[in-house]
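Here is the structure we will look at, set down as structure tokens.
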Amino acid sequence: MIDGFILHALAAGIGVAVITGFLGCFVVLRRMAYFGDSLAHSALLGIALGMLFGIDVTVGMVAVGFLFATFLFILQRRRLLATDTLLGILSHGALSTGLVAISLVNTPQLDLYSYLFGDILTVRLSDLMWIYGGGVVVIALIVLNWPSLVLMTIHEDLARAEGVRTLYTNILFIFLMTLVVAVSIRIVGILLITSMLIIPAATARQFVTLPETMVAGACLSGCAAVLVGMAGSLAFDTPTGPSIVMAASAIFALAFAGSFVVSRFRD
Amino acid sequence: MTFLIKAENISVVRNGKAILDSVSLDVRPGDFTTIVGPNGAGKTTLLKVLMGLINVDFGSVRRKPGLRVGYVPQRLAADESMPITVRRFLTLRKKAAPGDLERVVTETGIGALLGKSLHVLSGGELQRLLMARALLDDPDVLILDEPAQNLDVAGQLALYRLIDNVYSERRLAVVMVSHDLHLVMSSTRHVVCLYHHISCRGTPHTITRDPAFKSVFGEDMARLMAVYTHAAGEDHFCETHDHTRHEHSHEGDGS
């Protein structure tokens with residue numbers, strides 16, 4: 001008696017868990033969690049602008065996100081303020097502007113709550129196409145640039161000395177983050193998307209010694225969080241996005257306790 | 001072509017200050033050049049210019065087409081959050097044949113470390129690993145940026161011995177920045193004394209007697225160094241008089 005909308009939701013959730021698993025490892029390793037959060041906040045402005053100009057809201061989110069990242073990049077070069085300060089300004093500036101813009105657009109079909117916290121149960125076929133189409137692009141680009149990305153994360157100058165085009169790869173990474181945030185927002189929402197990037201990756205980190213297995217672990221624990229979260233959400237009639245993130249956090253806590261116990265026994 | 005890298009009159013200006021001020025340096029096959037100088041003298045910048053990581057504002061840098069550079073950075077910040085083993089790190093982006101990998105591993109003595117995580121290595125082990133990685137491509141020139149800076153004395157000695165062995169067995173060129181003047185003096189044939197411009201160059205023996213060296217490192221350091229260099233050769237080229245020239249050029253570009 002599984003309904004179509006649940007299958008859609010499952011497909012969307014699993015897709016997002018795999019994409020965020022791939023990208024999330026680098027977000028964790030390169031300490032870009034706050035950046036991801038800010039990017040997600042800026043997406044609200046993209047949604048408002050998309051509605052205002054009658055273009056696809058996902059396109060709006062990607063466009064605004066990329067502008068946001070470019071703006072941050074320019075500000076960073078001035079070096080007057082620390083990056084987290086700049087991010088704080090840009091992030092909340094974008095979130096507020098987005099909220100104001102949406103109130104001005106004021107279309108009846110807009111459900112602000114679903115953008116803030118996600119609404120996986122109303123996922124449509126077009127959303128699935130965005131998730132899987134975007135996902136293939138994201139994963140293909142990460143796999144192609146894999147050694148460069150890992151080496152840059154370890155030592156950027158070493159990578160450059162060995163011929164990695166770090167500027168190009170950095171821009172590519174920002175673009176991928178923008179894309180992932182945009183396609184994932186339908187699932188867990190603007191306020192929770194960063195958690196899908198960092199919690200499964202952090203869970204996987206407890207058990208691995210290679211970046212490749214960290215990605216695999218992040219994808220697996222992300223999928224587990226989606227399944228557990230959705231089941232819980234259906235059983236207890238709780239909001240799905242927060243339920244998924246709650247499940248991810250619980251899995252992280254279990255993994256953390258588990259690895260702590262294991263390391264105690266090993267010593 | 002007799003040079004591997006040829007830097008001519010290069011200047012790098014940041015915020016109106018010349019970090020490098022008309023520096024010329026040739027790297028030829030088989031050279032062992034050590035760059036010395038106080039903190040903030042532009043040594044790392046010079047290395048990065050030689051490798052092409054930083055663009056120069058004036059002057060020109062030419063590299064032999066197809067030049068293979070092995071780079072050993074100052075240190076690898078072994079971040080615990082990055083899960084990676086020594087073996088994976090070595091083979092990342094490198095398509096070395098198994099025989100080459102084995103040779104380099106033996107050469108640098110890291111065989112016992114291959115299965116370990118990067119972040120459990122000691123400072124000396126990390127530097128040997130970086131050496132191994134740099135050597136995997138069979139480079140024409142090895143560029144080292146203060147490779148022994150974070151090591152204790154025994155570790156420093158061991159690392160400089162390794163560099164010496166690699167240099168004499170592989171017949172490659174070495175360009176190294178080092179603060180460990182007393183250790184470098186015994187192995188290098190060519191010392192370049194850098195303080196934004198090249199104030200002095202020559203063999204270790206002669207350079208410590210140079211007034212320009214004394215003006216940068218101080219009388220005491222020069223006297224101390226002279227003790228270590230009793231066995232060195234004689235060829236020496238000094239640009240002591242250049243100080244006046246550089247004063248002029250400062251006025252010339254209005255800085």
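In the text below, chain A, chain B and the rest are named by the order of the sequence lines, each starting its count at 1. Since the model is a prediction, treat every value here as computed from it, not as a measurement.
When side chains are defined from C-beta on, A/Leu158 counts as touching B/Arg133, because their heavy atoms get closer than 4.5 Å.
Using a 4.5 Å cut-off between heavy atoms, B/Ser81 contacts chain A through both its backbone and its side chain. For a residue to count as touching a neighbouring chain, one of its non-hydrogen atoms must lie under 4.5 Å from one of that chain's; by this rule A/Ser148 touches chain B with backbone and side chain alike. Interface remark: A/Arg160 contributes backbone and side-chain atoms alike to the contact with chain B (heavy atom separation under 4.5 Å). Residue B/Leu130 touches chain A through its side chain alone, counting heavy-atom pairs closer than 4.5 Å. Heavy-atom distances place both the backbone and the side chain of A/Glu162 under 4.5 Å from chain B.
Using a 4.5 Å heavy-atom cut-off against chain A, the contacting residues of residues 83-90 of chain B are B/Pro83, B/Ile84, B/Thr85, B/Arg88, B/Phe89. Residues of residues 16-43 of chain A placed with any heavy atom under 4.5 Å of a heavy atom in chain B are listed by number as A/Leu29, A/Arg31.
Between chain B and the residues A/Met214, A/His155, A/Arg205, the largest count of heavy-atom pairs under 4.5 Å involves A/Arg205. Contact count against chain A (heavy-atom pairs under 4.5 Å) is highest for B/Leu92 among B/Leu92, B/Thr91, B/Val72. Of the listed residues (B/Met82, B/Lys48, B/Arg68), the greatest number of heavy-atom pairs within a distance under 4.5 Å of chain A belongs to B/Met82.
Taking all atoms of both residues into account, the shortest heavy-atom contact from A/Ala161 to B/Leu53 is N-CD2, 3.6 Å.
Rounding to the nearest 0.5 Å places CE of B/Met51 at 7.0 Å from CG of A/Asp157.
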